[in-house]
Amino acid sequence: MVDLSVKLGNITLKNPVMTASGTFGYGEEYADFIDIDALGGIVVKGTTLHPRQGNPYPRMAETPMGMLNAVGLQNKGVDGFIDDIYPRICHFNTAIFVNVSGSTIEEYVETAAKINELEHIPGIELNISCPNVKEGGMAFGTSCPSAVAVTKAVRDVYKKHLMVKLSPNVTDVTEIAKGVEGAGADSVSLINTLLGMAINAKTRRPELSTITGGLSGPCVKPVALRMVWQVSKSVKIPVVGMGGISSAEDAIEFLLAGASAIQIGTANFVDPKITVKVIEGISEYLQVNNINSARELTGALITD
Amino acid sequence: MKYLHDFTIVNNERQTDDFVVLTLQYDGALPRMMPGQFAEVKVDHTPTAYLRRPLSIHDVNYEQNQIKLLIQEVGDGTRTLCALPAGSRLNLMYPLGKGYDLPNSDKVLLVGGGCGVAPLLFLGRHLKQHGITPRFLIGARTASALVRLDAYRELGEVLVTTEDGSMGQKGFVIHHPVMRTDSPDFDWIYTCGPDAMMKALAKYARHRDITCQVSLENRMACGFGACLCCVTPTQDGHKCTCVDGPVFDSKYLQW
Ligand SMILES: Cc1cc2nc3c(=O)[nH]c(=O)nc-3n(C[C@H](O)[C@H](O)[C@H](O)COP(=O)(O)OP(=O)(O)OC[C@H]3O[C@@H](n4cnc5c(N)ncnc54)[C@H](O)[C@@H]3O)c2cc1C
Ligand SMILES: Cc1cc2nc3c(=O)[nH]c(=O)nc-3n(C[C@H](O)[C@H](O)[C@H](O)COP(=O)(O)O)c2cc1C
Ligand code: FES
């Protein structure tokens, strides 16, 4: 038997496969298709201090091998999460992370402090990289001083696992990764969506109500892989890799590039069973290659 | 409960230049479906279509475990689906969404335009099983763009409008004489088609205190409530077309 479990700081995941925020609802949406308890972890929808209606329709445009979204963090707010959603999902036997977003440092802090009280939530993923909201979001993740400031402020009130989600829309992603590591992050995850745009030449209009949006899916994988590799070489904390993963082979590539765990996003829409297929595929790969533990794959890229 | 099932295409019948009906066979018992519900169909082997394509359940035969899809070719995804020969396999996630309600009256009008006629056949059959005779009003650009009129006629009367007057009444559905009266002989409208058509019908219904159930075709990424891409503004804020719809009471929408 191979050992699929991996460690993210103080948390042990059953296996390296997690789901990406905003693509997996609250897990319940997938319960007809897969056993949620089989997953290494799930990251639920971006949660803010106050309820948000999100951006106007249209919020999605398909592009070759991917999609642009401009959902804009529609959610019921942290109190809505705690009162309505948390009681429904806390029985899942998988590591549940809440993706936390905000417009000001105070909002991040207040939201994180409330989630700190939830027994069955072992960690948060601090979203400082959402390209789809006017204020806050990506603004924090694209400047090193503000990424450090929001991480520090949340670290002061949040006592469990603090994962910080990085934006790819920067010149040097390693600088910000090192910054948030120094500010107390327990891990970093990347990449959030790449800022993109689609135009309909027939109507001469943008495809999204917000004009620009976030690109995800297989088309972003090479960029994501490069960034995961760069970041894993520059920080000591674990790296969670994502961006276009849609097969076990893709997932293994991210582990080899230095990720300790991976997240699957857009691919869930096309195949809602993809997560369990990837877990099986990683297990098979380990067996075939006589590797005992998934942990041995992390950073095992051969470059000579 | 939603399912992921592999079907086999047993028939691909071209209707017009851009409409095809696919008959799909499942090798087990089909789950119960409601008219207005849809399937998210996986499209393989296209250069651009990565996501599944939402398509209405056009017809169901529970005895033979067959589903029909009526597909209009508008882009890569639908073109690929329409070109699939009998014998091909197709993966469906279904049945999705909230369908049409049974009416509180037996005087109903089913109004369709473009590929929006697709769910109305299954709906007509369902109404008939509940003792209600459906009456259809179908609009198209021109006579050659009208599809499967015979199938609809088997269930009830079919009224037609064409924009060029090549068949039925000239103009849009809203201009048909059946709509032109102060005391219409129906008090429930079911509709699916272009937004402009449905909005005109919703306005018509609002002024006469008639119920109007519309089926929206918003762009979807997942089809089952996981991504929040497909929202429409309602009296209760943004609602997902894929789980809270695609069928809505027009008064509930911010139209
Ligand atoms: C609930 C639901 C039920 C549907 N039922 C049917 C059906 O029974 N039969 C049928 O033929 N079609 C139906 N549609 C529409 C169908 O899903 C789209 O036409 C299809 O996804 C287009 O894919 P494509 O790859 O061929 O075109 P694309 O290359 O994706 O698009 C081609 C063009 O069509 C436009 N387009 C794409 N999707 C939509 C949409 N949802 N609404 C309006 N314009 C769009 C694009 O903007 C573009 O200009 C339904 C849609 C929904 C949401
Ligand atoms: C529809 C949609 C909604 C998303 N919402 C969020 C969100 O709320 N918070 C967040 O941190 N990332 C969000 N993301 C980004 C994903 O979590 C992930 O970082 C990105 O999609 C890349 O992975 P993928 O290519 O596997 O989808 C969203 C992505 C999509 C497609
Ligand atoms: S299409 Fe994903 S929530 Fe409706």
Side-chain angles (χ1 to χ4, degrees), chain A residues 19-34 42 44-46 51-76 132 198 202 207-209 213-214 216-219 244 246 265-274, chain B residues 1-6 31 39-54 74-78 91-97 195 216-246 253-255:
Chain A
T19 60
S21 177
T23 65
F24 207 69
Y26 295 98
E28 307 164 292
E29 293 83 352
Y30 286 81
D32 283 350
F33 303 121
I34 57 167
I42 65 175
V44 302
K45 181 71 204 157
R52 288 180 61 103
Q53 277 293 313
N55 291 319
Y57 178 85
R59 292 178 172 184
M60 191 282 282
E62 197 176 2
T63 54
M65 291 312 278
M67 59 178 275
L68 288 162
N69 91 81
V71 172
L73 297 174
Q74 178 179 333
N75 78 102
K76 291 184 172 175
N132 292 323
K202 272 184 233 125
E207 292 277 12
L208 299 174
S209 67
S216 65
C219 59
S246 44
T266 307
N268 286 297
F269 304 154
V270 183
D271 182 357
K273 296 186 181 180
I274 188 66
Chain B
M1 182 83 185
K2 33 191 197 292
Y3 300 85
L4 269 177
H5 285 161
D6 280 324
E40 280 278 4
V41 181
K42 191 156 178 293
V43 191
D44 294 318
H45 315 300
T46 90
T48 57
Y50 175 65
L51 299 168
R52 286 171 181 261
R53 290 297 185 266
V74 297
D76 258 352
T78 47
N91 184 267
L92 268 63
M93 183 198 299
Y94 76 114
L96 302 174
D195 272 3
L216 302 185
E217 290 192 353
N218 283 13
R219 271 192 234 157
M220 298 179 176
C222 71
F224 54 99
C227 74
L228 308 184
C229 284
C230 63
V231 293
T232 189
T234 70
Q235 288 175 10
D236 300 320
H238 278 145
K239 289 283 174 189
C240 282
T241 318
C242 67
V243 286
D244 300 304
L253 299 175
Q254 289 190 358
W255 274 12

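The chains referred to below are lettered A, B, ... by the order of the sequence lines, with proteins before strands, and numbering in each begins at 1.
- With values rounded to the nearest 0.5 angstrom, A:D271 atom CG is found 7.0 Å from B:L4 atom CG.
- Counting heavy-atom pairs closer than 4.5 Å to chain B, the top residue among A:G66, A:P218, A:G265 is A:P218.
- A:F33 has its ring centre no less than 6.0 Å from the ring centre of B:Y3.
- With A:Y30 contributing its side chain and B:A226 its backbone, the two residues share no donor-acceptor pair below 3.5 Å.
- In this structure, the portions of A:A61 lying under 4.5 Å from any heavy atom of chain B include both its backbone and its side chain.
- At a 4.5 Å heavy-atom cutoff, the contact between A:M67 and chain B is made by side-chain atoms alone.
- Remark: B:T241 engages B:N218 in a side chain to side chain donor-acceptor pair (under 3.5 Å) (not counting sequence neighbours).
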Kindly indicate, with the supporting measurements, whether the criterion side-chain contact (heavy atoms from CB on, under 4.5 Å) is fulfilled by A:F269 and B:R52.
CA-CA 8 Å; A:F269 304 154; B:R52 286 171 181 261; over 6 Å; no

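- Along residues 229-236 of chain B, the residues that come nearer than 4.5 angstrom to chain A, judged on non-hydrogen atoms, are B:C229, B:C230, B:V231 in order of number.
- Residues satisfying the salt bridge (charged side-chain N to carboxylate O under 4.0 Å, His left out) criterion with A:E29, sequence neighbours excluded, are absent altogether.
- No part of A:A70 comes within reach of chain B, as not one of its non-hydrogen atoms sits under 4.5 angstrom from that chain.
- Smallest separation of non-hydrogen atoms from B:Y50 and A:T266: CE2-CG2, 3.9 Å.
- Contacts of A:S246 with chain B are made by side-chain atoms alone, with heavy-atom separations under 4.5 Å and no backbone atom involved.
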Can you check side-chain contact (heavy atoms from CB on, under 4.5 Å) on A:R52 and B:H238, steps first, answer last?
CA-CA 10 Å; A:R52 288 180 61 103; B:H238 278 145; over 6 Å; no

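- Shown here for B:L228 and A:V71, the closest heavy-atom pair between the two residues is O-CG2, 3.8 Å.
- Under 4.0 Å is where a charged nitrogen must lie from a carboxylate oxygen, and between B:R219 and A:E62 no such pair does.
- For B:D244, the salt bridge (charged side-chain N to carboxylate O under 4.0 Å, His left out) test picks out no residue, with sequence neighbours left out.
- Heavy-atom pairs under 4.5 Å with chain A were tallied for B:K42, B:M220, B:M1; the largest tally goes to B:M1.
- Looking at heavy atoms from C-beta onward, B:L51 lies in side-chain contact with A:M60 at the 4.5 angstrom threshold.
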